[in-house]
Every structure is written in C-alpha cells, then in structure tokens.
Chemist: 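Attaching a single structure in structure tokens format; questions to follow.
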Amino acid sequence: MSFAQRTHACGELRATHAGNQVILNGWAHRVRDLGGVCFVDLRDRTGIAQVVIDPVAHPTYGEIRSECSLSVVGTVRERSPETKNPNMTTGDIEIVVDQFSVLGPAKPLPFPVSDEEQMSNVNEELRVKHRYLDLRRPSMYRRLALRAAAVGKLRRYLDDRGFIEVETPIFTKSTPEGARDYLVPYRLDPGKFYALPQSPQQYKQLLMVAGIERYYQIAKCFRDEAQRSDRQPEFTQLDLEMSFVTQEDILSLIEGMTVSVINDLIEEFDLPKDKIEGFKRLTFDESMHLYGCDKPDLRFGLPLFDLTDAVKESAFGVFRSTAEAGGSIRGVRYPGGGHLSRKEVGQLEDFCKEFGAKGMASFSIGDELGAEAGSQADGTYVSTHGLHVRGSIVKFFPPHEMEAILDAAQAERGDLLCIVADVYAAANNVLYRLRHEIGRRTGLADKRKLAFCFVVDFPLVEWNPEANRWDSTHHPFTSPKTEDLQYIESDPGRIRADCYDVVCNGTEWASGSIRIHRPDIQERCFRLLGIDEETIKARFGHIIEAFEYGAPPHGGIAPGIDRMIMFLTDDENIREVIAFPKVGQGYDPMMDAPSAIDPMQWAEMGLRLSQ
RNA sequence: GGGGGUGUAGCUCAGUGGUUAGAGCGCCGGCCUGUCACGCCGGAGGUCGCGGGUUCAAGUCCCGUCAUCCUCGCCA
C-alpha cells in the first residue's frame with residue numbers, strides 16, 4: 001500500500017516554512033468543524049500542527065475522526081496576527097489542505113486521549129488495557145523518550161569507561177532465598193523448573209571469575225512478591241560488576257555516572273529539577289541514629305533527637321519505664337506544627353500508630369516569647385530562651401528536664417515536638433515515617449531537589465527471631481569487613497559488611513556490595529547463616545567451585561532504572577514509566593496474561609492441578 | 001496474609017430506602033467561515049461489578065464475592 005509519506009514533522013513547522021508544500025503524517029488530535037471551515041490538530045510524536053480544510057473543496061472531510069491516522073498534503077501558511085496561537089509551538093502557522101487521506105479510521109475511543117487533564121483521572125486498568133492508546137499521549141511519549149535517553153546515557157557512560165554489556169540468561173536456576181521465584185516448567189524432564197532471575201547476581205560474579213573485569217547490563221529482574229505503587233513483577237536494573245576494586249571505586253563510579261546522567265537529562269528534557277552534585281555519605285548507624293532508617297530523605301534536615309538520657313528519671317511514667325527497660329525516647333521536630341489543633345495532633349498520633357507506635361507525646365511551642373522563665377500556673381512552661389511550651393504532659397517535667405528536652409530537640413518557636421518511646425528500632429521506624437510525612441506536609445521535601453546519598457557499612461547479618469537464625473542483610477555473597485571478621489563466631493551482629501545503598505529522596509535506589517571471593521570466607525559466612533553443606537552444594541556449588549579457580553576481588557551495584565525515571569518525572573506509580581506494565585496482582589489486561597493453557601500443553605509439560 | 005478506599009452511560013462523576021436513575025465530556029444527527037477545551041439545537045446510550053439477604057419497596061441497608069487503587073507485613 002502506498003500513501004503520501006511525510007516530508008516534515010508536525011512539531012517542526014514554523015513561519016519560515018510559509019509557502020512550502022509539505023506532507024504530514026500523524027493522528028487527528030482534535031477536530032473543530034465550524035461548518036464553513038474545519039480545523040484539525042494533527043499530532044505526531046514531535047508535536048501538533050493545525051490543519052485547515054475547506055469543506056466545499058473536500059466534501060469527505062467528515063471521515064476525519066478523533067485519533068484516526070492521516071496523511072495530509074498541504075501548504076504552510078503564516079496565520080494572520082489575530083489568529084496566531086501563542087500556546088502552541090507551531091501556533092504561528094497552519095497547513096492549508098490540498099489533499100488528505102485517512103490511513104486508519106478510528107472507532108470512538110475508550111478514554112479521552114487528547115485531554116491530558118481528564119486522562120489523569122481515568123481508571124488505571126482501562127489505561128493499561130488500551131495501553132497503545134494511552135501511550136499516544138505526548139506526556140507518555142515523553143516518559144518513554146526520557147527513559148530511552150537515560151538508558152542510552154548510562155550505556156555510553158559505562159562503555160566509555162571500559163565496561164562491556166553482557167546478556168545473561170532469563171531461564172535460570174531457582175535459588176530460594178529472598179523473594180519468591182517465577183518458575184518455568186521444563187518439558188523434557190517433568191517436575192523440573194527453570195526460575196526467572198530475581199537479579200543476575202550469580203552470573204555477574206561468574207563473569208568476574210571469567211575475567212570480564214567490567215560488566216554491566218540493562219537487566220530485567222523478576223520477583224513474585226506483593227505489588228506496590230513502586231514495584232512491578234518484572235522491573236529493570238542497571239546491573240554492574242567490577243573486578244580488582246574496592247568499595248570506594250564503585251561508589252565514585254556510581255556517583256560520577258549518576259551526576260553526569262541525571263544532570264544531562266535535566267538539561268535535555270528541561271525537567272523542573274535542580275542539578276545535582278556529589279553525594280552525601282552516611283554510615284548505616286549514623287543514618288539510623290539521625291533519621292531512623294537506612295533510606296533517609298536528605299532534602300531537608302530535621303534529624304531525630306534522643307531524649308533517653310534527659311528523661312530517664314522523669315516523673316512521666318511512659319518515658320521512665322521505657323528508659324528503664326532499655327528502650328529509647330526519641331522525637332522529631334515539626335516546624336509550624338505548634339499551630340495544630342488538638343484534633344490534628346491526634347491525627348498525627350494515629351499516623352504513628354499505623355506504624356506500630358503505642359502512642360505519641362508532643363509539646364507545642366508557641367509563636368510568642370514568654371516573659372518569665374519557669375513552670376507557669378496554667379501548666380505551661382517558659383524556657384530560659386523564652387520558648388512557651390504547651391502540652392498535656394508538660395506538668396510532668398521539672399525545669400531542668402524541660403530545658404534538656406528543648407535543647408536536645410533544638411526546639412524553635414512554632415514547633416511541635418513529636419516524641420515516641422519504644423525500643424530503639426521501633427521508635428525509629430515510627431519516627432522516620434513521621435519525619436518524611438512532616439517533610440511532605442511542610443513542603444520541606446522540595447520537589448525540585450534530588451538528594452542522593454550513600455548509606456554504607458550495613459551490618460552483615462541481622463537476627464531473625466521467627467526463624468531463630470542470622471539472615472543476610474544484603475545477600476550471602478556480601479563480604480564482611482576484614483577488621484570485623486573476628487566477630488563471626490562470637491558476635492555476628494557486630495560485623496559490618498562492605499555493603500552500600502544509594503538513596504534518593506527517601507527511596508532506596510541502588511544496592512551493592514563487595515563480594516566474598518575466597519572460598520574459606522564464603523564457607524564461614526554460609527555456616528553463620530545456617531546453610532548446611534548439602535544446601536550449599538545444591539544451590540551454590542557452581543559458584544563456590546568457580547571461586548576455587550582464581551577469583552578476583554570484585555564487587556558491584558544495581559540501580560533501578562524504573563525508579564530513576566520516577567525521580568525525574570515525579571511519578572508516584574511505577575506503571576507510568578513502563579511501556580506495558582501489569583496491574584493488580586501481576587495481571588496484564590491488554591494481553592490477558594497470565595491465561596489458561598491448552599490441555600495439550602499441560603500434558604506436554606507433565607503437569608496437572610493438584611485440586 | 002491484614003487494613004482502608006473505589007466500583008452507576010464510552011470516560012469522569014452526582015444520586016435522603018420511595019415516580020421513568022441524572023450531569024459534564026464523548027458519540028450520533030442538524031446548524032455554523034477563524035476555531036484552537038469552538039459554539040448552538042436535538043438525539044441515542046444503563047446487567048447501578050457479581051451473588052444472596054432484609055423490606056410493601058434496594059443504586060441506596062446487611063452478608064458474601066470479584067476487580068481495582070492505596071497501605072501494613074513481605075520484597076536475600
């Protein structure tokens with residue numbers, strides 16, 4: 001089939017093209033039929049241009065419906081001054097139609113593709129079901145283009161530094177550790193299964209043994225876990241690994257790469273983001289102490305404060321008993337929160353309770369300075385700096401404790417001091433979420449900022465009380481710090497690992513480690529994790545053996561591509577940055593997958609349902 | 001696995017237990033020569049997610065179920 005092929009793109013036409021005959025191909029974005037004249041906004045991936053049709057000369061113009069594909073032959077004309085549209089990049093011109101042809105007629109659409117505002121409310125599943133229409137929207141095209149540019153820049157950055165991209169298998173081996181695997185039945189030996197990789201972890205380490213030295217891959221990863229707004233059953237990581245390197249080498253590579261690529265993208269796509277600079281660096285312990293979590297939002301300050309010492313002998317029973325039991329009394333400032341009503345403070349407390357807090361105590365600091373320091377007759381307190389403190393528990397604290405509290409909190413006028421008493425980890429878990437909520441509410445979590453940081457020195461293992469054993473914090477191949485190896489039998493919780501995360505705005509973005517390359521150390525770690533000889537052989541025999549043939553010291557990291565795009569677009573749902581995402585529990589409403597298989601296929605695979 | 005929200009026209013949403021379930025957009029028809037969210041007039045379009053129950057009467061109340069969104073747990 002032949003048709004008039006484009007000579008120009010819709011978005012490129014300007015007044016300088018006036019007088020040119022052009023051919024445009026695209027879709028009818030909107031049709032405005034005024035009777036004596038008809039305007040069609042013709043859209044292609046570069047933009048939109050207005051086409052003018054004379055109904056008398058072209059009596060079949062009614063065939064042009066919303067979202068049909070079109071070829072238009074016409075002459076570019078500069079619009080008269082009063083009809084120019086300053087809101088369109090092509091608004092100075094229009095194309096007067098000489099000929100047109102509807103290449104693909106379109107039925108009425110399931111949702112208003114040409115109206116971005118209405119589209120923002122359209123049912124998610126419907127959008128995914130007709131994804132090929134949803135993706136016609138310029139905003140969706142832009143996301144895909146941004147993603148492609150990001151991946152391209154990452155590849156180029158690494159190619160320029162001696163990395164080579166290596167593909168690793170999708171059909172691989174189940175290593176039942178971590179998340180649930182997606183399984184693929186093996187026809188030739190019924191009862192055996194491939195697993196889809198949760199990450200190419202073992203392959204990339206084997207590539208290091210193979211002497212590749214610098215590997216990367218834009219890798220699909222598969223994890224059969226409950227879905228979340230920032231998770232999909234299949235997602236993409238920039239997986240990379242290097243040999244003969246230290247943690248420092250990997251961190252500086254990632255930092256340089258991220259700064260370069262992110263800043264390029266901000267500029268190229270004119271994103272409403274501030275350029276980024278070097279990453280802050282925190283140890284795991286510092287991060288927990290200052291921000292209550294290992295993924296702090298560093299767009300703003302408001303570090304947690306600790307009152308345990310200040311109130312351990314307090315007359316307020318909850319604080320005293322928590323401290324006596326070895327717990328922590330910790331809190332966070334809420335600037336401006338001093339104005340909240342009793343009800344609003346109650347809602348904050350409810351917020352805390354959602355995350356397991358037993359309660360939340362608070363002090364409101366007034367805007368005005370009090371004149372005379374000391375406990376007041378009305379049950380409030382005025383500090384030596386004049387801060388006027390209110391709250392139902394103020395009366396429990398004598399002046400020296402109140403001063404210690406205000407000092408530890410670095411309290412300021414207008415603050416609400418939110419305080420949680422619990423075991424250290426539980427108090428932190430509540431307060432980090434409260435801190436992020438405060439950042440969101442106050443606007444301190446500035447949308448223009450991308451605050452990247454490294455969190456380093458994670459503990460190698462953490463105690464799993466349910467299973468009564470030590471579990472890897474990262475994964476079983478993570479190298480303990482040499483100087484901490486001495487604790488492996490005596491005090492495993494004390495061992496720090498050569499393990500690091502990259503965090504951006506309170507979200508984990510990348511995670512990596514220096515790997516164990518010595519079989520003897522790997523064996524000791526397996527033993528610590530309670531993995532017996534037989535299991536080691538069955539699950540990890542290949543990699544242990546590989547390490548016996550001159551494995552180089554090596555390590556790597558894997559940043560999430562989907563999340564990277566989400567940071568840049570401010571999307572809160574990962575579906576927005578994936579061309580063909582799943583909904584709900586991993587369902588693809590467009591393809592109708594997963595779906596039933598033919599009885600023949602069941603038989604061929606040697607499978608049947610147990611019920 | 002737990003909690004919460006949503007489900008009514010193609011889309012987005014209204015809809016006190018009570019007549020024939022409505023609106024905006026879209027769609028169809030008509031009118032319209034400067035629109036750019038074109039405008040005006042008219043029309044069609046409904047398994048009120050599904051199943052059960054209470055009631056003289058259920059979109060509305062109750063129970064169950066399914067889907068979807070968010071969330072806690074989970075995600076080496």
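In what follows, chains carry the letters A, B, and so on, assigned in the order in which the sequence lines appear, proteins first and then strands, with residues in each chain numbered from 1. Side chains included, hydrogens not; waters and symmetry mates left out as well; all remaining heavy atoms used.
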Chemist: Counting side-chain heavy atoms from C-beta on, which of B:rC36, B:rA37, B:rC69 comes nearest to A:Asn573?
Modeler: B:rC69
Chemist: Find the distance A:Phe39:CZ to B:rA37:P and express it as a whole number of Å.
Modeler: 12 Å
Chemist: Quick one: pull up OH in A:Tyr215 and NZ in A:Lys204 and give me the separation to the nearest 0.5 Å.
Modeler: 6.5 Å
Chemist: Starting at the 5' end of RNA chain B and moving along, which residue's nearest nucleotide shows up first, A:Gln201 or A:Glu94?
Modeler: A:Glu94
Chemist: What is the pairing partner of B:rC61, taking Watson-Crick or G-U wobble pairs with both distances under 3.5 Å in any strand?
Modeler: B:rG53
Chemist: Taking only the side-chain heavy atoms of A:Val583 (C-beta and beyond), determine which of B:rA67, B:rC28, B:rC69 contains the nearest atom.
Modeler: B:rC69
Chemist: Does the protein touch nucleotides 9-15 of chain B at the base, only the backbone, or not at all? Give it as B, S and - per nucleotide, heavy atoms under 4.0 Å.
Modeler: -SSS---
Chemist: Paired with B:rG42 by Watson-Crick or G-U wobble geometry, both distances under 3.5 Å: which nucleotide is it?
Modeler: B:rC28
Chemist: Which heavy atom of A:His475 sits nearest a heavy atom of A:Arg515, and at what distance?
Modeler: NE2-NH1, 3.2 Å
Chemist: Of the listed nucleotides (B:rU68, B:rG34, B:rC36), which one gets closest to any side-chain atom of A:Asp41?
Modeler: B:rC36
Chemist: Taking the same atom, P, in B:rG52 and in B:rA58, what whole-Å distance lies between them?
Modeler: 14 Å
Chemist: Please report the distance separating the P of B:rG39 from the corresponding atom of B:rG34, rounded so that it comes out in whole Å.
Modeler: 14 Å
Chemist: Identify which nucleotide among B:rC32, B:rG73, B:rU33 has an atom closest to any side-chain atom of A:Asp33, counting heavy atoms from C-beta outward.
Modeler: B:rC32
Chemist: Residues of residues 224-240 of chain A with any non-hydrogen atom less than 4.0 angstrom from an atom of RNA chain B: list those, numerically ordered, please.
Modeler: A:Glu225, A:Ala226, A:Arg228, A:Ser229, A:Arg231
